[in-house]
> 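Take this structure, written in structure tokens, and hold onto it; I'll ask about it next.
Quick caveat: nothing in here was measured; it's all calculated off a predicted structure. What's counted below: heavy atoms across the whole structure, side chains too, no hydrogens, waters or symmetry copies.
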Amino acid sequence: MSEASQRPEARSPRGFVDRRARDLAAEREILTRVSAVYERYGFEALDTGAFEYADALGKFLPDADRPNEGVFALQDDDEQWMALRYDLTAPLARFVAQTWETLPKPFRRYAFGPVWRNEKPGPGRFREFVQCDADTVGSARPEADAEIIAMAAEGLGAAGLPTGGYVVKINNRKLLNGLLATAGVSSEGQKLAVLRAVDKLDRLGADGVRLLLGEGRKDESGAFTKGAGLDAKAAEAVLAFTAAGAASRSETLDAIARVIGGSAEGDEGLAELARIDAALKGLGVGADQAVFDPSVVRGLEYYTGAVFEAELLLQTTDDKGEPVRFGSVGGGGRYDDLVARFTGERTPATGFSFGVSRLASALRAAGRNLGREVRGPVVVIAFSQDDMGEYFKLVGELRAAGIPAEVYLGASGMKAQMKYADRRLSPAAIMLGGDEIAAGTVTVKDLDLGRELSAGVTDNAAWRAERPGQQTIPRAELIPALRRILEA
């Protein structure tokens, strides 16, 4: 066997991606902006380990036959199964149960970091991605839900989405539960079938969902999906419920009240939404940021009360300029049963989560990429090995002044070094030859200006005089000159 045939193929594992400076800068900028919002709301940062004991992951618990089903798991030397965290909520529930006696109550925390899912990857679906969550544990007040919603809306705005570019849609599982109870539906299996049918409303429309609420639906391929088994009256009531949205949140509540028929659980859900509405109004969150939408059912089998989903409204295009729909960029709700898995006692909790990578991709598709202008360092051109000491003295001065800088350490000549600086999106290149060293001067080439002029953005003589493309200046004036370039 030849040496070449024994070499491993350079390839990324399926569902994992490499990210360079532009993507990382966009995600870091989003996290910085959103974290500032969360901290203004009084939420505490928390970081938990990448691994959790597998039994802490609830429905994602590996079994003896398939220890990696849904998660990436391994057996520790004490024979306990550990798994890379699937989300940031299960670790929070474990942490709260473990430290409850020492925590301020309610406990308000935010967290961000990578999560891992051992699932089949696909377009836009990765096995590793970054999430950002905020949760309140220990408050059953609907106002806690409202604050999470307001914070989510403000966080999405801080991340770069303009007002009108997103909306947080709000529902409550108790409303649909009350409606189904009135219709005589009591089994959890039938309730879940109704939820799954309603979740397909955007894709199938009312007629398709009507079939799935009843006996079932045959798709274009001929495959048959068994329905929820509701009678015609109950199916129409569900469809009327999902269509009860209106221009204002209060009008939507009135429309829902007319549909759900006054069941005890439905009335409880309405009362909770009314309190959320009052708190949102107090927080200044209008209908252009958050609405009540009875068609939002995603995750309702997991959540115990209010549920919310952030939808992107901006026009987005793919790399080929074709329109593409992103839809949801985050979601959350009230989950009062999760901590009880550890303690046996119901502990109220509510939270919101969004995928940072997905939001960064959505912003890029909408032409609002936060990482578009990732600046490289100032590059000091290396003319002579004999002058390396001078080059490093200069670059040290720039770094001490807070200006990112590097000495070119490749083996190429002047032209290739300038091309290198341009590819790094460097704001400027510094030339320090023998004549400049002797005269105590430096030559500065404004690469930002060169890129602007080459793109034909401007030909204004006054602007060019203010930021000339290349100038030789006293070395003592270098740092102010670079700052003018960086700040322009």
Side-chain angles (χ1 to χ4, degrees), residues 41 106 134-154 156 166-183 185 191 194-195 198-199 201 237-311 328 330-337 346 348-353:
Y41 276 69
D135 298 78
T136 297
V137 183
S139 175
R141 293 176 180 270
E143 291 78 11
D145 300 303
E147 193 166 41
I148 290 287
I149 294 164
M151 192 167 60
E154 188 173 335
L156 290 169
Y166 68 91
V167 66
V168 181
K169 297 182 175 181
I170 310 160
N171 195 9
N172 193 308
R173 93 164 278 172
K174 295 177 181 178
L175 301 175
L176 191 53
N177 281 352
L179 177 65
L180 294 178
T182 301
V185 175
K191 286 181 182 179
V194 172
L195 294 175
V198 173
D199 197 32
L201 195 59
V238 171
L239 288 170
F241 169 76
T242 61
S248 72
R249 292 192 294 258
S250 59
E251 290 172 342
T252 301
L253 290 178
D254 292 340
I256 293 172
R258 290 193 293 270
V259 172
I260 63 173
S263 69
E265 190 171 9
D267 287 345
E268 185 178 339
L270 279 171
E272 290 175 4
L273 288 185
R275 289 175 62 177
I276 289 173
D277 183 41
L280 289 177
K281 289 176 179 175
L283 289 164
V285 180
D288 56 348
Q289 294 174 285
V291 298
F292 292 143
D293 187 342
S295 68
V296 174
V297 299
R298 181 180 174 186
L300 276 178
E301 67 271 25
Y302 169 76
Y303 294 109
T304 58
V307 61
F308 15 95
E309 185 169 271
E311 182 178 339
S328 174
R334 176 162 290 280
Y335 55 97
D336 291 345
D337 294 331
R346 201 173 212 224
T350 183
F352 177 84
S353 173

> Tell me which one of D293, L273, I276, L280 satisfies side chain to side chain contact (heavy atoms under 4.5 Å, CB included) with R249.
L280
> Please find the pair of heavy atoms, one from A134 and one from M151, that lie closest to each other, and give the distance.
CB-CE, 3.4 Å
> Any heavy-atom pair between the side chains of V307 and E309 that's under 4.5 Å?
no
> Quick one: are F241 and N171 in side-chain contact, heavy atoms under 4.5 Å?
yes
> Hey, what do you get for CG (L175) to CG (D267), rounding to the nearest 0.5 Å?
9.5 Å
> Considering all heavy atoms of both residues, which atom of A244 and which atom of P294 are nearest to each other, and what is their separation?
CB-CG, 4.1 Å
> For the residue pair T252 and V291, establish whether any side-chain heavy-atom pair is separated by less than 4.5 Å.
no
> Run through T350, N172, D145 and flag the one making a side chain to side chain donor-acceptor pair (under 3.5 Å) with R334.
D145
> Output, in order, the C-alpha distance, side-chain angles, deciding distance and verdict of side-chain contact (heavy atoms from CB on, under 4.5 Å) for I149 and F352.
CA-CA 8 Å; I149 294 164; F352 177 84; over 6 Å; no
> What's the separation between atom CD in E265 and atom CG in N177, rounded to the nearest 0.5 Å?
4.5 Å
> Determine, stepwise, if the pair E268 / E272 fulfils side-chain contact (heavy atoms from CB on, under 4.5 Å).
CA-CA 6 Å; E268 185 178 339; E272 290 175 4; 3.7 Å; yes
> Which heavy atom of Q289 sits nearest to which heavy atom of G284, and what is that distance?
OE1-O, 3.8 Å
> Sequence neighbours left out, what passes salt bridge (Lys or Arg N to Asp or Glu O under 4.0 Å) with D337? Give chain and number order.
R346
> Would you compute the distance between atom OG1 of T304 and atom NZ of K174 and round it to the nearest 0.5 angstrom?
7.0 Å
> Which heavy atom in V259 sits nearest to a heavy atom in L179, and how many Å separate them?
O-CD1, 3.9 Å
> Please report the C-alpha distance between D254 and R258 in whole Å, then the side-chain angles of each, then the deciding distance to 0.1 Å, and finally whether the salt bridge (charged side-chain N to carboxylate O under 4.0 Å, His left out) criterion is met.
CA-CA 6 Å; D254 292 340; R258 290 193 293 270; 5.5 Å; no
> Kindly indicate, with the supporting measurements, whether the criterion side-chain contact (heavy atoms from CB on, under 4.5 Å) is fulfilled by T242 and L176.
CA-CA 9 Å; T242 61; L176 191 53; over 6 Å; no
> Mind listing the closest non-hydrogen atom pair of G178 and S263 along with its distance?
CA-OG, 3.0 Å
> Which heavy atom in D336 sits nearest to a heavy atom in A349, and how many Å separate them?
OD1-N, 3.0 Å
> If you round to the nearest 0.5 Å, how far is OG of S139 from CD of E147?
9.0 Å
> List the steps, then state whether side-chain contact (heavy atoms from CB on, under 4.5 Å) holds for I170 with V296.
CA-CA 7 Å; I170 310 160; V296 174; over 6 Å; no
> Can you tell me how far CG of D277 sits from OG of S248, rounded to the nearest 0.5 angstrom?
8.0 Å
> Starting at CG of L270, measure out to CD1 of I256 and round the result to the nearest 0.5 Å.
6.0 Å
